[in-house]
Amino acid sequence: MEKTFTPSDIEQSLYKTWEEQGYFSPTGEGDSYCIAIPPPNVTGSLHMGHAFQQTIMDTLIRYQRMQGKNTLWQTGSDHAGIATQMVVERKIAAEEDKTRHDYGRDAFIDKVWEWKNESGGTISKQMRRLGNSIDWSRERFTMDDGMSEAVQEVFVRLFEDDLIYRGKRLVNWDPKFHTAISDLEVENKDKKGHMWHLRYPLADGAKTAEGHNYLVVATTRPETMLGDTGIAVNPNDERYKDLIGKHVLLPLVNRLIPIVGDDHADMDKGTGCVKITPAHDFNDNEVGKRHNLPLINIFDHDAAILTTAEIYDTKGESSDAYSTELPSEFAGLDRFVARKAIVAKFDELGLLVEVKEHDLVAPYGDRSGVIIEPLLTDQWYVRVNKLAGPAVDAVKDGQIEFVPKQYENLYFSWMRDIQDWCISRQLWWGHRIPAWYDQNSKVYVGRTEEEIRAKYDLADDIKLSQDDDVLDTWFSSALWTFSTLGWPKQTEDLKTFHPTDVLVTGFDIIFFWVARMIMMTMHFNKDENGKAQIPFKKIYMTGLIRDENGDKMSKSKGNVIDPLDMIDGISLEDLLIKRTGNMMQPKLAKKITKLTKKEFPNGIESHGTDALRFTLTSVATTGRDISWDMKRLEGYRNFCNKLWNASRYVLMNTEEQDCGRSTAGTDITETNLELSLADRWILGQFQQTVKTVHEAFDTFRFDLASQALYEFTWNQFCDWYLELTKPVLFNGTEAQQRGTRNTLVTVLEALLRLMHPIMPFITETIWQRVVPLSNFAPALNEDGSCSIMVQEFPQFNQALCDTQAIDDLEWVKQFIVAIRNIRGEMDISPNKPIPVLLKNINEQDQRRLDNNSQFLSALAKIESIEILADNDNGPASATAVIGDLSILIPMAGLIDKEAEIARLNKAIDKLTQDAQRTRGKLSNEKFVSKAPEAVINKEKAKLVEAESTLQKLVEQKAQIAIL
RNA sequence: GCCCGCUUAGCUCAGUUGGUUAGAGUACUUGCAUGACAUGCAAGGUGCCGCUGGUUCGAGUCCAGCAGCGGGCACCA
């Protein structure tokens with residue numbers, strides 16, 4: 001073995017072997033355990049969040065596989081309607097100077113598939129690098145035939161159940177992408193803007209209470225006035241209530257529109273008069289419905305002013321309530337250009353009262369970044385409130401459990417006032433809506449045109465045309481857990497693996513995906529008793545990985561980190577190219593370059609997959625935010641190296657040596673193998689670690705599992721146990737050496753299995769060398785090969801916890817630490833052997849001393865140990881106290897008097913304070929009468945101990961002081 | 001405006017049902033080529049546990065209020 005662990009030497013070939021051996025596939029034996037991956041977007045590449053979640057999923061899967069479960073990690077990607085269409089549109093624009101319309105729908109879709117087949121594999125390559133034990137043969141894509149069939153089936157059935165409907169309603173229209181988007185895809189952002197006060201003349205000589213012949217409305221969107229069909233005032237507003245039922249003459253279009261009384265108008269806001277534009281504002285739309293006001297659409301799909309308006313009644317039918325005429329001077333103007341022009345016109349007519357600075361909230365498309373326009377269009381909707389009930393109950397009654405639990409609140413609060421879900425998208429890339437129209441726009445929903453013709457008995461000469469729109473990508477993602485398993489066919493896989501066991505995901509998609517998945521799954525999947533089946537039993541919500549400054553990682557900020565760069569390393573130059581190349585906003589490049597140079601002046605070093613995974617599990621706490629810390633990664637790379645070198649030591653001392661390995665049929669007997677105290681101690685400590693790791697995995701506390709593994713490996717196995725084996729291996733008897741060698745390989749072999757779910761590569765590599773030396777009988781392949789990943793996970797065994805060995809060894813450690821401590825503080829070289837005198841030795845100490853003098857001498861570098869007679873205070877010495885025992889190191893020539901007095905003073909001060917505090921507690925009558933006895937006894941014992949030690953130290957100090 | 005979360009060592013974070021002297025990594029100080037490892041070894045210092053009050057024999061932990069930070073929802077003519 002090399003002196004330093006080099007991950008790149010082993011990772012990729014190991015993964016290839018595992019994959020070829022078929023270890024990732026379900027075994028078909030044992031209870032099932034299934035995780036469906038949140039499908040990454042096909043246009044994307046892995047970021048730290050993916051690496052984080054996938055490490056957790058793989059750790060769970062590997063753990064359960066080793067526990068004997070029939071494990072399936074179902075993977076795939078989603079087709080990401082808008083994102084993918086954009087990528088391909090940009091590509092053909094750049095390469096061929098063409099638009100998708102130049103291609104036409106079918107040819108464009110072919111082009112998208114072509115792109116997907118070329119570039120869609122990026123993520124799966126990255127996932128392999130993370131070591132994910134995924135059954136690749138079952139990889140799915142939301143646009144695959146099977147998945148499309150499921151989507152179509154769901155749509156048709158929901159329609160038949162009256163849970164899907166089509167309607168002309170206001171939607172969030174993205175004028176850049178020319179499609180509707182759902183509420184969830186709208187981001188409301190604060191913005192500085194203006195408030196315009198406009199004067200609308202009253203009709204028929206009406207006057208306000210103040211005697212004006214006009215009303216003033218306040219608006220942030222003056223351009224929409226072309227679509228106004230009413231003015232709302234509060235019915236209790238003394239200023240205007242008498243005008244209710246009267247009309248104003250809308251300027252520029254000379255439209256007579258009514259003044260209505262509605263609580264929506266707030267007397268304290270603006271002027272108290274609200275212009276009502278039902279076709280261009282969600283609130284106005286509600287007001288319009290209440291007062292039966294017509295809807296006048298004035299925008300085209302680019303959000304530019306139409307030449308002639310479209311007028312509808314509140315049922316969405318065409319209406320001739322008003323003239324469709326619009327002022328020609330604004331026709332074709334973009335909404336923001338139109339705004340200026342209309343304000344200017346009002347000004348010109350003397351109807352602009354004032355303009356105020358105003359802070360407002362504007363809706364932006366989360367992908368396009370442009371302001372969303374409420375627009376009246378025909379769209380398909382899911383009646384979500386009917387589906388939400390069972391989905392809420394499933395969480396309420398504990399069938400589905402959120403981990404950590406607090407996320408339930410977020411889920412409930414969203415489900416409580418859930419809006420109907422607009423599922424149609426005006427895109428080409430996606431699942432086409434299975435609805436057809438005849439020449440009279442009558443709609444038919446079915447799986448195919450043939451099915452519809454048969455079902456509705458339509459003559460061949462009736463022309464049907466399919467709806468042009470596609471479904472929201474999340475519509476297909478909502479079916480993910482069951483559609484990937486073969487639904488609507490009732491497959492064996494579906495029976496075996498559904499409901500899945502756990503969903504691992506970020507809390508940011510709890511509404512987009514998690515809630516919708518629960519609703520859809522429960523509606524379409526019933527168990528044999530007809531009870532709704534849930535998609536997963538647990539939802540483990542991970543935190544969000546942020547950069548070192550706590551900022552969210554995003555492309556535009558240029559602070560994203562590719563997990564592969566953590567694994568392989570990257571130079572500063574390449575990192576800069578990666579971050580600033582191919583940017584949507586090149587002007588940010590300078591800032592990003594500066595930031596990157598500051599954060600990674602020397603690029604990123606290589607750390608290996610295992611170190612990355614260990615880091616990720618270590619930060620998997622219950623918190624919501626995780627600030628990425630390169631120092632942590634570095635620390636865990638060192639940890640891998642530590643494990644590597646500890647293993648080197650074990651192998652150097654065991655390979656080609658007699659390790660007391662039991663051969664078939666022969667048990668280890670005490671005659672050929674003798675375990676030292678250290679051996680028995682480490683076996684017990686290891687069992688405790690096994691227990692902790694099980695508990696941690698079972699409760700999703702991956703940080704605690706990592707911590708336990710780290711602590712055991714470094715602080716117990718390496719720092720103490722390996723050191724304690726040296727005296728035995730170098731000077732012990734045959735049987736002692738055999739016993740220690742046996743323990744070395746036993747513990748290391750099992751430790752590797754215990755760590756394997758988190759660190760798959762390094763553990764497999766070392767394990768292959770260690771297992772032939774150990775007693776462990778691995779499950780073998782036909783060709784005699786084997787892999788750690790399909791071996792049994794270590795189980796806690798109480799019988800191996802030798803409590804006396806643990807107590808005794810703790811004493812040995814204290815003894816050694818006490819002497820090292822004096823060495824350290826007194827500047828005595830660790831190389832210099834020193835004589836030690838013992839005072840006040842009791843029987844137990846004597847026994848421990850007799851049994852372990854080899855350990856003590858070796859680890860504390862002791863020259864000699866002499867026991868003082870009861871009445872002998874010994875020479876002037878530096879002192880440490882363990883229980884009754886005083887350990888003396890004669891000062892002669894080694895130790896400075898003042899230094900030792902100072903050291904003793906420090907210890908005495910501390911002990912005095914402790915004793916004082918404890919004495920205080922015990923003299924508090926309330927404490928003594930109310931605290932549990934165990935606590936009181938503990939305090940008493942503590943006081944006795946402190947006083948005894950204190951007394952010894954004080955005596956010692958006095959003795960030195962008189963020198 | 002409503003709801004949720006966070007605040008612990010210089011930094012990043014643990015801290016179970018309240019119970020010894022609040023921990024880890026990292027950083028820092030000192031010493032060390034000792035036979036697995038300098039990506040190392042040994043020793044060491046490091047804390048108004050955000051603030052205020054309450055409950056309790058006892059509070060980092062439970063309760064209330066406040067402050068700061070973050071998130072979600074709603075409103076915004």
Side-chain angles (χ1 to χ4, degrees), chain A residues 1 3-5 188 195-197 217-221 232 264-266 269-277 281 283-284 358-361 404 406-407 409-410 413-414 416-417 507-508 510-511 544 548 550 605 607 611 618-619 621-632 634-653 699 701 703-704 707 710-711 715 718-719 722-723 726 730 817 820-831 861 910-911 913-914 917-918 921 924-932 934-936 938-939 941-943 945-946:
Chain A
M1 282 171 92
K3 210 170 162 182
T4 306
F5 172 52
N188 291 306
M195 173 88 82
W196 288 269
H197 288 214
V217 296
T219 180
T220 55
R221 300 209 53 199
H264 170 67
D266 186 331
K269 272 189 193 153
T271 60
C273 301
V274 191
K275 64 193 261 321
I276 301 299
T277 324
D281 182 283
N283 286 309
D284 291 5
H358 185 66
D359 296 330
L360 57 114
V361 180
Q406 77 236 21
Y407 289 109
N409 289 327
L410 195 61
S413 71
W414 189 69
R416 205 175 299 130
D417 37 33
F507 63 88
D508 48 336
I510 190 165
F511 311 135
L544 230 57
E548 315 220 357
E605 279 183 52
H607 296 85
S618 297
V619 297
T621 63
T622 56
R624 238 176 17 182
D625 295 311
I626 294 154
S627 300
W628 182 254
D629 183 358
M630 289 302 293
K631 290 286 178 196
R632 268 323 265 266
E634 210 176 301
Y636 294 126
R637 179 190 60 178
N638 296 350
F639 177 61
C640 291
N641 194 55
K642 187 76 180 174
L643 175 66
W644 184 258
N645 275 289
S647 305
R648 270 182 74 212
Y649 170 81
V650 173
L651 292 169
M652 281 164 74
N653 287 290
T699 53
R701 287 303 302 268
D703 59 325
L704 299 181
Q707 198 187 22
Y710 186 100
E711 208 272 338
N715 303 123
C718 293
D719 285 352
L722 294 189
E723 294 306 319
K726 287 176 184 172
F730 301 155
V817 167
R820 283 178 178 171
N821 181 310
I822 292 172
R823 268 188 201 277
E825 297 203 18
M826 295 299 130
D827 268 338
I828 303 171
S829 160
N831 296 323
K861 197 96 181 172
K910 204 173 175 213
L911 274 169
Q913 278 177 28
D914 289 349
R917 191 175 14 240
T918 311
K921 267 191 184 177
N924 181 343
E925 201 185 313
K926 284 179 178 169
F927 174 73
V928 180
S929 61
K930 290 193 176 176
V935 174
I936 295 170
K938 245 187 203 171
E939 291 293 313
K942 186 180 134 193
L943 183 60
E945 170 91 30

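Fair warning: this is a prediction, and the values are worked out from it, not measured in the lab. All chains are named by letter (A, B, ...) in the order of the sequence lines, taking the proteins before the strands, and each is independently numbered beginning at 1.
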Trainee: Is any NZ, NE, NH1 or NH2 atom of the basic residue among A:K942 and A:E945 found under 4.0 Å from an Asp or Glu carboxylate oxygen of the other?
Mentor: no
Trainee: Examine B:G40: is either OP1 or OP2 under 4.0 Å from a nitrogen or oxygen in the side chain of A:N641? Give yes or no.
Mentor: no
Trainee: According to ring pair (Phe, Tyr, Trp, His ring centres under 6.0 Å), who are the partners of A:W414, at least two apart in sequence or on a separate chain?
Mentor: A:F511
Trainee: Residues two or more places apart in sequence or in another chain: which of them pass ring pair (Phe, Tyr, Trp, His ring centres under 6.0 Å) with A:F639?
Mentor: A:F614, A:Y710
Trainee: Distances under 3.5 Å only, N/O to N/O: pair up the protein atoms with those of nucleotides 43-45 of chain B.
Mentor:
residue : atom : partner : partner atom : Å
B:G44   : OP1  : A:N821  : ND2          : 2.9

Trainee: Walk along nucleotides 20-27 of chain B from 5' to 3' and tag each nucleotide B, S or - by protein heavy-atom contact under 4.0 Å, base first, then sugar-phosphate.
Mentor: BB---SS-
Trainee: Please tell me which of A:W196 and A:S618 maps to the more 5' nucleotide of RNA chain B, matching each residue to the nucleotide holding its nearest heavy atom.
Mentor: A:S618
Trainee: Measure the distance from CD1 on A:I626 to P on B:G70 and round it to the nearest whole Å.
Mentor: 18 Å
Trainee: Could you tell me whether the phosphate oxygens of B:G15, OP1 or OP2, come under 4.0 Å of any side-chain nitrogen or oxygen in A:R701?
Mentor: yes
Trainee: Please give, in whole Å, the distance from B:G71 C1' to A:D625 CG?
Mentor: 8 Å
Trainee: Please figure out whether A:R221 or A:L410 has its closest RNA chain B nucleotide nearer the 5' end.
Mentor: A:L410
Trainee: Using ring pair (Phe, Tyr, Trp, His ring centres under 6.0 Å) as the criterion, list what pairs up with A:Y407, not counting sequence neighbours.
Mentor: A:F507
Trainee: Would you write the dot-bracket representation of RNA chain B, where each base gets (, ), [, ], | or . depending on whether it forms a Watson-Crick or G-U pair under 3.5 Å and with which partner?
Mentor: (((((((..((((.....[...)))).(((((.......))))).....(((((..]....))))))))))))....
Trainee: With a 3.5 Å cut-off and heavy atoms only, can you find an N or O donor on one side and an acceptor on the other between the side chain of A:K3 and the base of B:C37?
Mentor: no
